[in-house]
Amino acid sequence: HVQLVESGGGSVQPGGSLRLSCVASGYNTRRGCMGWFRQAPGKEREGVASIDVSGSTVYADSVKGRFTISKDDAENTLYLRMNSLKPDDTAMYYCAADRRSYRSASTFLGGETSSKHWGQGTQVTVS
């Protein structure tokens, strides 16, 4: 079965940087879209960034210019580089992979939760 394991979260001061990693098993990073979602206390889960099988990327407006999503297909790993972090970025960050193939990154980012494989999350705290 598919497993997604996130790492790299932690506590950082405003303006700092973190790099999140997501190692996929039972799922090739070229199989479908992958992305990062986050959920802060009392708020709905929101899409942060996604990347499709061709490497095209989509970002939420709130993180555009600060975050960079990438993947290493040889290592079957997804990354999220986060720069210029703000307190509003504080959330649990989840790695996700599309259960379907060849959908666009934008469709994946706004799709239903049931259409995705999910990791357990890694906490990012900016304070």
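Every heavy atom of this structure was used, including side-chain atoms; hydrogens, water molecules and symmetry mates were not.
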Problem set entry | Heavy-atom closest contact (Ala105 atom, Ser56 atom, distance) | CB-O, 3.9 Å
For this session: Of all the heavy-atom pairs spanning Tyr27 and Asp98, show the shortest one and how long it is.
Result: OH-O, 2.7 Å
Exercise. Closest heavy-atom contact between Leu4 and His117?
Worked result: CD1-O, 3.5 Å
For this session: Locate the shortest heavy-atom distance separating Val63 from Val48; write the atom from each residue and the value.
Result: CG2-O, 3.6 Å
For this session: Using a 4.5 Å cut-off on heavy atoms from C-beta on, say whether the side chain of Arg38 contacts that of Val124.
Result: no
Exercise. Do side-chain atoms of Asp52 reach the backbone of Ser104 as a donor and acceptor pair under 3.5 angstrom?
Worked result: no
Exercise. Would a 4.5 Å heavy-atom cut-off, applied to side chains only, mark Leu78 and Ile69 as touching?
Worked result: yes
For this session: Taking the side chain as every heavy atom from C-beta outward, state whether Val23 and Gln3 have any pair of such atoms under 4.5 Å apart.
Result: no
Exercise. So, do Arg100 and Phe108 sit near enough that their side-chain heavy atoms are less than 4.5 Å apart?
Worked result: no
Exercise. Is there a path of hydrophobic side-chain contacts, each under 4.5 Å between heavy atoms of I, L, V, M, F, W or Y residues, that connects Val126 with Met82?
Worked result: yes
For this session: Could you tell me whether a side-chain N or O of Ser50 sits under 3.5 Å from a main-chain N or O of Gly35, the two making a donor and an acceptor?
Result: no
Exercise. With no hydrogens and no angle check, is any side-chain donor or acceptor of Lys71 less than 3.5 Å from a backbone partner on Arg30?
Worked result: no
Problem set entry | Closest heavy-atom pair and its distance - Tyr59, Phe67 | CE2-O, 3.2 Å
Problem set entry | Any side-chain heavy-atom pair of Pro87 and Pro14 under 4.5 Å | yes
Exercise. Atom CG of Asp72 and atom OG1 of Thr77: how far apart are they, to the nearest 0.5 Å?
Worked result: 6.0 Å
Problem set entry | Phe37: which of Tyr93, Tyr94, Trp118 passes ring-ring contact (aromatic ring centres under 6.0 Å, His included) | Trp118
Exercise. Does Arg103 use its side chain to pair, donor to acceptor, with the backbone of Arg99 at less than 3.5 Å?
Worked result: no
Problem set entry | Met34 reachable from Val58 in the ILVMFWY side-chain graph, under 4.5 Å edges | no
Exercise. Is a side-chain donor or acceptor of Thr57 paired with a backbone partner of Ile51 at a separation under 3.5 angstrom?
Worked result: no
For this session: Starting from the C-alpha separation in whole Å, work towards a yes-or-no answer on side chain to side chain contact (heavy atoms under 4.5 Å, CB included) for Asp89 and Arg66.
Result: CA-CA 11 Å; Asp89 295 319; Arg66 300 188 297 120; 2.8 Å; yes
Problem set entry | Nearest heavy-atom neighbours spanning Cys95 and Glu6 | N-OE2, 2.7 Å
Exercise. Do side-chain atoms of Gln39 reach the backbone of Ala91 as a donor and acceptor pair under 3.5 angstrom?
Worked result: no
Problem set entry | Exam field: side chain Tyr79 to backbone Thr68, donor-acceptor pair closer than 3.5 Å | no
